[in-house]
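In what follows, a structure is listed as structure tokens, so that the remarks can point back to it.
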Protein chains: 4
Amino acid sequence: MISFENDYIAGAHPLVLNHLVETNLESLSGYGQDIYCENAKAKIKNACGRQDVEVELLTGGTQTNQVVISTMLQDHEGVIAADTGHINVHEAGAIEYTGHKVLSLPHKEGKLQPEVLKKYLEGFYADETYTHMVFPGMVYISHPTEYGTLYTLKDLTQLSDICRAFRIPLYLDGARLAYGLMSRETDVTLPDIARLCDVFYIGGTKVGALCGEAVVFTRQNKPAHFITSVKKRGALLAKGRLTGVQFDALFSNDLYFEIGRHAIRMAEKLKTVFHDKGIPFYLESPTNQQFIILDNAQMERLRRQVCYSFWEKYDDKRTVVRFVTSWSTTEEDLQKLEDIL
Amino acid sequence: MISFENDYIAGAHPLVLNHLVETNLESLSGYGQDIYCENAKAKIKNACGRQDVEVELLTGGTQTNQVVISTMLQDHEGVIAADTGHINVHEAGAIEYTGHKVLSLPHKEGKLQPEVLKKYLEGFYADETYTHMVFPGMVYISHPTEYGTLYTLKDLTQLSDICRAFRIPLYLDGARLAYGLMSRETDVTLPDIARLCDVFYIGGTKVGALCGEAVVFTRQNKPAHFITSVKKRGALLAKGRLTGVQFDALFSNDLYFEIGRHAIRMAEKLKTVFHDKGIPFYLESPTNQQFIILDNAQMERLRRQVCYSFWEKYDDKRTVVRFVTSWSTTEEDLQKLEDIL
Amino acid sequence: MISFENDYIAGAHPLVLNHLVETNLESLSGYGQDIYCENAKAKIKNACGRQDVEVELLTGGTQTNQVVISTMLQDHEGVIAADTGHINVHEAGAIEYTGHKVLSLPHKEGKLQPEVLKKYLEGFYADETYTHMVFPGMVYISHPTEYGTLYTLKDLTQLSDICRAFRIPLYLDGARLAYGLMSRETDVTLPDIARLCDVFYIGGTKVGALCGEAVVFTRQNKPAHFITSVKKRGALLAKGRLTGVQFDALFSNDLYFEIGRHAIRMAEKLKTVFHDKGIPFYLESPTNQQFIILDNAQMERLRRQVCYSFWEKYDDKRTVVRFVTSWSTTEEDLQKLEDIL
Amino acid sequence: MISFENDYIAGAHPLVLNHLVETNLESLSGYGQDIYCENAKAKIKNACGRQDVEVELLTGGTQTNQVVISTMLQDHEGVIAADTGHINVHEAGAIEYTGHKVLSLPHKEGKLQPEVLKKYLEGFYADETYTHMVFPGMVYISHPTEYGTLYTLKDLTQLSDICRAFRIPLYLDGARLAYGLMSRETDVTLPDIARLCDVFYIGGTKVGALCGEAVVFTRQNKPAHFITSVKKRGALLAKGRLTGVQFDALFSNDLYFEIGRHAIRMAEKLKTVFHDKGIPFYLESPTNQQFIILDNAQMERLRRQVCYSFWEKYDDKRTVVRFVTSWSTTEEDLQKLEDIL
């Protein structure tokens, strides 16, 4: 059975796992106060091309969104997101759990449109009753989005400009950031993100780590007493080394980017396979997630030999399904898929 | 200056105020354990035509929505509302403050459509990822809606049937209930609401009280230890008599309904004035709120002599404004308005 | 039946009620934007001897504590209180509901001792693990305390000095403030409180209002967007006039202080009655609450003719009960009590 | 430098790490739906001697306490703990963050005394004002406690009886459970805990895992929709295998208990070293944590060669420090310590 179910089906990338093994017996302080956390942070700063950013390591994506958003919002504020945004749909209300509303706006292929955002913000303050409403206090975007799509440098620049005009932070969820940065169709670099966003996270779980996400605060804006707020949310690992060692490996010798590059290569081949077989796309993305349309009989047959994800019903006879590549996808997997199809 | 700004511009209806005055010196127990709270509850049960409902008195509308919704939802659940619903827009995130998401659906003239609701609920459980999503745990509607519109008995019956099929409570926000019940275009009675809804509230603040809303639980479903949960939310009045005495007056001699009837009479005359003057309606409602379109110059002139509410921009030259009647609106007010127009 | 059960058994002081009646038909803006709220705030500033304080009106005591504490604390902070403090015992967890811990310290007759506070604060920062603990972010005291006792000017000055040294606000819960200010055994004035505390509230509910508490921020420290935070907590009255008119009356012609003076006079006579009858005190307070010890048979007999509050068991045969005076206590009530005893 | 700083200074026990390595490349479903999570749960059930318990895996101790307590309490309830309890002191207010109060009671060597608990519960319901107070809704104990002390079977039985009489769950925090179960001075077994507690957790992080705690619900009382509540709290690992594989290893071939046995053996030798050197104990525990008193000069000298934890000041000249053993403590470490002393 081959699997394109998602990008977290395997354990850790071998180089990441190996670093855990080789450092395993060292005595280290807890709670992120160890040399590997320090190294990881330093290497991430270098990758961002900025020594003045602040880096913090957390364990999972929903947790990271919850911690970052709830510690950066003021009491009267909520966070703006595309209505398809992960925080608005697939995090079980984790943001609302912290007492803050997700203010959802219409999306286009998973993306928040700068003009839609601007109109919303202007309209908010033009409404005479706004003191009775949740203030827009942050903008959340995911890059790649939940549909595998990407913002262009122009998009990001416009979003950033709007956020700065309204003095609210722009937050980028980079759960799959490597796949965005290494896409063949992007003009956005990690330093661009560090320059245009006020805070973002570099996803580890979906890019070769067992767990772990690295938050980057770019404007000396890390909330005061952040470690206590993290602890208060049950999000502080005793063995902080677990994430430190993994990010130290991911940001050594360009591994993070290499993982992205490999998955993109596999995704391009995957697209070719579908095209060659005449299978229609629902959304052909520039990253590691591809959405195709299968008729239901075909889908059932395939299910016996290949793992993939249900996405949504297309119509009564057809279904949208998602195929995902990652560091663990092999040429052999693709060959098998081609043979099966 | 005459005012049609809203239905809470005046103090209490004279009969309500008088009851406060005549009972003022009595020594009564606190926290709602007094004879007037008891009387009010008994009279409300009678008005509902049901002795088995449970009635609780609270102070304001947002508070009531917050208390009812947060005590009735389970941890994993959110509340469905029309995207124009008061809890989704004008309560500053009071529901999210309690850790629960408002799941918004498209509206039609402020109303949640039964077929939209049904499709959403079916779609939710058909989505394979639903355990990662906020479960629909309650349906919130307002009646009259924020646009002054009303559900028909058929609408309410359908919504109720859907809720019961999915085993979630239907909750009706009756901040302006009197104006809905006494509309000339409604086929819905208070006993209908008590039969079809699982919980609802009868608004006092906007219907002649200084403050106060009466929550009715219709299926022996009042949350256990409700008074402690109310206290925990800062919503328990020490002098519970304040709401008890007022609702005792409102539900004596049909006063609540009489207030509704009067405001509707005034609203019908108001509509005639606008029609006679050829002023276009944005939404001509069957209740006490009317939405008209004024060109901006006209609007500014009017502002000097009449109070009304800004609603929204219609286009660059025209604005939607709201006129509201209440127990305190007089024939004289209407005459003056006509003269001014 | 005469009642000394508490200081909120009656409705409003006649002058307060009268002001509600005389202003009832005026058309006023909602949400506290009316002339009576404005007048009330101006008069309170005068009473504090300070024009630079900020005043906000809320509805009840628990609500006020919840709103003030949760909007002033930072995420990583909790509020210090005597273990007998109202927020620690009798508010059903209203502070914790907002996500913040009450850090309780031992009391002495209901009072937080300056030296206990200082030792705690020094110890907190001396503990190497403090980043894993809830930071002390505010000090809560009640004056009079739950036992009717009072801080001296020296106590308050010391508490204030400690708070300022540790840069945390001192918050005084003045639910019964009038009875403290008018005590014959106090050296503390309202201007003293406005000078030494960073925020406090002047209780209305227990001092002649139907409801209402006035919060005073003394150091330009009112949280930003306070009205939105109030709304978010379900605490914003639509008819803000209800509290505005009442405080306007309470702070006209010294009424607030006169109510305090009267209740103290009644309390002094009450104490004399108990002394004369040889009834032992559990705590003889300088304010309007008196705690006496009754043997259980005596208590049961008395219960048929007089209302008072159970406080706690003293031993198997005796019980501590509380007698309270207020604006509505009369010489006649005291005479009757004396006759009964 | 040798370290006795705590029981999470090293990575994973080699057998745990090895299991991660050998399963690393397998394609597995996410979110705990994999064969290793299944195996781990089955093995834990066996170790508990009960097939009818429900097991769930989480990541860290504070997170586990937060998830378990907040999903099991009702709205009006709080959790009772010894005032030294981890949730009351060292979790940065993680319980209060979920809206629930920790009701603290005096401890004796870190333990909650059955008679103190019983008196508190009886007193609560005897207080006429209890509806205004936080209801006791759960009892939290840690075993071993924060002081390394242990409840006897008799203690646990009494606590369990009291909890069942008052119909509230008894919850045992077993962050260091292996060290309690393998103590030479205990009469409590894992099946005893599964029988007497309503819910408890088996700590992994401090017993040889990189992360991970296993919650056991013993009375078919796992909260409904638990996985959604876990997700909502940001506590659901995408790669659930990370905890599944580790607990699968820990509960294979008695590894969990063997780790406990080893650490106890090391602790016994450690105690002998201190006794031989005439170093006074602050608290000589039957588990893997030992508290000794060092004079400050001695402490500073030692610090250069040995890691240990500051506990608290004993007096101006002496300090209490903590030494901890674990699976990674070696005979060689002890020999070095002896030589240094």
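Proteins come first, then strands; the chains are lettered A, B, ... in the order of their sequence lines, and each starts at number 1. These numbers were taken from a predicted model, which means no experiment stands behind them.
In this model, a donor atom of one side chain and an acceptor atom of the other lie less than 3.5 Å apart for B/H19 and B/D248. Side-chain N/O atoms of B/Y97 and C/Y97 include no donor and acceptor closer than 3.5 Å. In the model, B/Y140 has no side-chain atom that pairs as donor or acceptor with a side-chain atom of B/N88 under 3.5 Å.
Of the residues considered (C/R241, C/Q63, C/E91), C/R241 shows the highest number of contacts with chain B, using heavy-atom pairs under 4.5 Å. By number of non-hydrogen pairs under 4.5 angstrom with chain B, the leading residue of C/L58, C/V67, C/T23, C/N24 is C/N24. In terms of heavy-atom pairs under 4.5 angstrom with chain B, the leader among C/A94, C/G61, C/A10 is C/A10. With chain C as partner, the option from B/C307, B/A12, B/S3, B/G60 having the largest number of non-hydrogen pairs under 4.5 angstrom is B/A12.
Neither the backbone nor the side chain of B/S309 comes within less than 4.5 Å of any heavy atom in chain C. Looking at B/L237, the atoms closer than 4.5 Å to chain C (heavy atoms on both sides) all sit in the side chain, from C-beta outward. Residue B/L17 touches chain C through its side chain alone, counting heavy-atom pairs closer than 4.5 Å. Within the 4.5 angstrom heavy-atom criterion, no atom of B/A235 approaches chain C. Both the backbone and the side chain of B/T98 come within contact range of chain C, each with at least one heavy atom under 4.5 Å from a heavy atom of that chain. Only the side chain of C/S70 comes within less than 4.5 Å of a heavy atom of chain B; its backbone N, CA, C and O stay farther away. Heavy-atom distances place the side chain of B/Q66, and not its backbone, under 4.5 Å from chain C. Both the backbone and the side chain of B/T228 come within less than 4.5 Å of a heavy atom in chain C. The contact between C/E26 and chain B is made entirely by backbone atoms, counting heavy-atom distances below 4.5 Å.
When B/I9, B/N6, B/D333 are each tested for a side chain to side chain contact (heavy atoms under 4.5 Å, CB included) with C/S27, only one passes: B/I9. Considering B/R176, B/K206, B/Q289 in turn, B/R176 is the only one that fulfils the side chain to side chain donor-acceptor pair (under 3.5 Å) rule with B/D7.
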Inset, instruction - Quick one: do B/F200 and B/H143 satisfy ring-ring contact (aromatic ring centres under 6.0 Å, His included)? Show the steps, please. - result: CA-CA 10 Å; B/F200 65 99; B/H143 181 86; over 10 Å; no
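Within the 3.5 Å criterion, the main-chain N or O of B/A209 finds a donor-acceptor partner in the side chain of C/K239. Side-chain atoms of C/Y36 do not come within 3.5 Å of backbone N or O of C/L242 as any donor-acceptor pair.
Within the 6.0 Å centre-distance limit, the rings of C/Y308 and C/F323 are counted as a close aromatic pair.
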